[in-house]
**Student:** 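A single structure is presented below for examination.
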Amino acid sequence: MTASTAATRTGGAAVRTVGVVHVYRVFGTDVAALRGVDLDVAPGERVALLGPSGSGKSTLLSVLAGLRRPSAGSVLVDGDDVARFSEGRMYRYRAATGLMLQGAASNLLSYATPAENVRFARTGTRAALGAGRQVLELAGLHDERRTVDRLDRAGQQAVALAVAVMNAPRLLLVDEPTSQLDDDERDHLLDALVEATQQAGTTVVMVTHDEAVAARMQRMIRMRDGRIGAEGLRHEQYAVIGSDGSVQLPEELLATWPAGSTVRVQAASADEIRLLRRADESREQ
């Protein structure tokens, strides 16, 4: 893809990861944060990554953002492998990607007003779409004269969102945007995020621990132990078969089917698989 081609694209980006692994060292020991992640996000889709602390969801987001290069696998955005970008091209990719990190201090100039933060974020002609100004208006901050450090947490998060969408990015990556907000503040921020990204057709990948937040996205993806375990909607979750054939059991079954359990896998029909404990198998023989 040439730079001129990228400039003419509109709407959301297509995101795909293939066998993504990320290993880092802690006190001389290798730790696998991601263990072969296969993910597909359609252009314009809003996806939530759910999972306990240490599940790999924030690491995956940082890999999608180009902040970390994976140890193995491919990170495809509109067919281009971000993991193999040169440093110069990676810099341009990061600049074109909307990113809202956890904590307003990571996203904002604390000494500037909301409008000044948005103006400082402007790059190129895509800013003419004014998505950032729209978010400030929805939050009632478009005429705010106080600097960001004098705003409450809800105000700061609204400004952080405005900065992240100011240049109408085709891909918006968001990490725990509502973790310090009450329910009303959370809902107002999500209203602004959905409205701004839906109008622009932006692809959104959001990390959250909050089921209510995830429910505002179009799809939930649950991660555990560096893998994608399940996906679907709030009341419709499906386990995901990994590229190595592995399937994670739902957490509520782990107490009775703990790690290390020996089972026989049988095809009961074209649409059904049975798991039999080894003890059950012995009784049948």
Side-chain angles (χ1 to χ4, degrees), residues 3 6-13 15 44 46 58 61-62 64-68 77-78 82 85 87-181 185 188-207:
T8 61
R9 286 183 170 177
T10 58
V15 178
R46 297 189 304 276
S58 290
L61 197 79
S62 69
L64 294 177
L67 300 178
R68 302 181 188 183
V77 178
D78 289 329
V82 174
F85 281 178
E87 287 302 318
R89 192 173 181 190
M90 184 69 85
Y91 176 82
R92 293 190 294 274
Y93 170 75
R94 292 174 189 146
T97 300
L99 182 60
M100 187 176 172
L101 297 173
Q102 189 172 176
S106 302
N107 304 279
L108 303 174
L109 300 173
S110 62
Y111 57 81
T113 67
E116 287 170 340
N117 268 274
V118 168
R119 285 199 297 271
F120 290 149
R122 276 191 290 189
T123 60
T125 58
R126 294 180 67 84
L129 295 175
R133 289 189 294 273
Q134 175 191 10
V135 171
L136 291 186
E137 290 174 359
L138 290 171
L141 295 171
H142 57 293
D143 290 327
E144 179 60 62
R145 298 303 179 187
R146 288 177 296 172
T147 56
V148 164
D149 59 355
R150 296 175 58 198
L151 300 179
D152 61 16
R153 288 174 177 171
Q156 291 175 350
Q157 288 298 85
V159 179
L161 174 60
V163 167
V165 302
M166 179 61 215
N167 296 301
R170 303 183 63 243
L171 174 61
L172 175 64
L173 305 172
V174 186
D175 193 359
E176 297 284 8
T178 64
S179 60
Q180 297 180 328
L181 307 183
E185 293 167 341
H188 288 150
L189 183 71
L190 292 173
D191 288 343
L193 185 150
V194 170
E195 182 169 339
T197 58
Q198 195 167 22
Q199 286 184 4
T202 306
T203 303
V204 180
V205 179
M206 176 189 293
V207 165

**Student:** Heavy-atom count around R94 CZ within 6.0 Å, excluding the residue itself: above 12?
**Tutor:** yes

**Student:** Show your reasoning for whether side chain to side chain contact (heavy atoms under 4.5 Å, CB included) applies to V165 and T202.
**Tutor:** CA-CA 9 Å; V165 302; T202 306; over 6 Å; no

**Student:** Could you check if a side-chain atom of E116 sits within less than 4.5 angstrom of a side-chain atom of L109, using non-hydrogen atoms only?
**Tutor:** no

**Student:** Take E144 and V159 through the side chain to side chain contact (heavy atoms under 4.5 Å, CB included) test and state the conclusion after the steps.
**Tutor:** CA-CA 11 Å; E144 179 60 62; V159 179; over 6 Å; no

**Student:** Mind listing the closest non-hydrogen atom pair of Q156 and L151 along with its distance?
**Tutor:** NE2-O, 3.3 Å

**Student:** Looking only at heavy atoms, what is the nearest atom pair of R170 and G12, with distance?
**Tutor:** NH2-O, 2.9 Å

**Student:** Could you tell me whether the side chain of P177 reaches within less than 4.5 Å of the side chain of L189, counting heavy atoms only?
**Tutor:** yes

**Student:** Just grab all the ring-ring contact (aromatic ring centres under 6.0 Å, His included) pairs involving residues 92-117, residues at least two apart or on different chains.
**Tutor:** F85-Y93

**Student:** Hey, mind stepping through R119 and M166 against side chain to side chain contact (heavy atoms under 4.5 Å, CB included) and telling me if it holds?
**Tutor:** CA-CA 8 Å; R119 285 199 297 271; M166 179 61 215; over 6 Å; no

**Student:** Hey, does M90 have a side-chain heavy atom less than 4.5 Å from the side chain of V82?
**Tutor:** yes

**Student:** Any side-chain heavy-atom pair from Q157 and Q180 closer than 4.5 angstrom?
**Tutor:** no

**Student:** Might you work through the side chain to side chain contact (heavy atoms under 4.5 Å, CB included) test for Q134 and E195, ending with a clear yes or no?
**Tutor:** CA-CA 9 Å; Q134 175 191 10; E195 182 169 339; 3.4 Å; yes

**Student:** With rounding to the nearest 0.5 Å, note down the distance linking CG in L173 to OG1 in T97.
**Tutor:** 6.5 Å

**Student:** What's the separation between atom CG in L61 and atom CG in L99, rounded to the nearest 0.5 Å?
**Tutor:** 7.0 Å

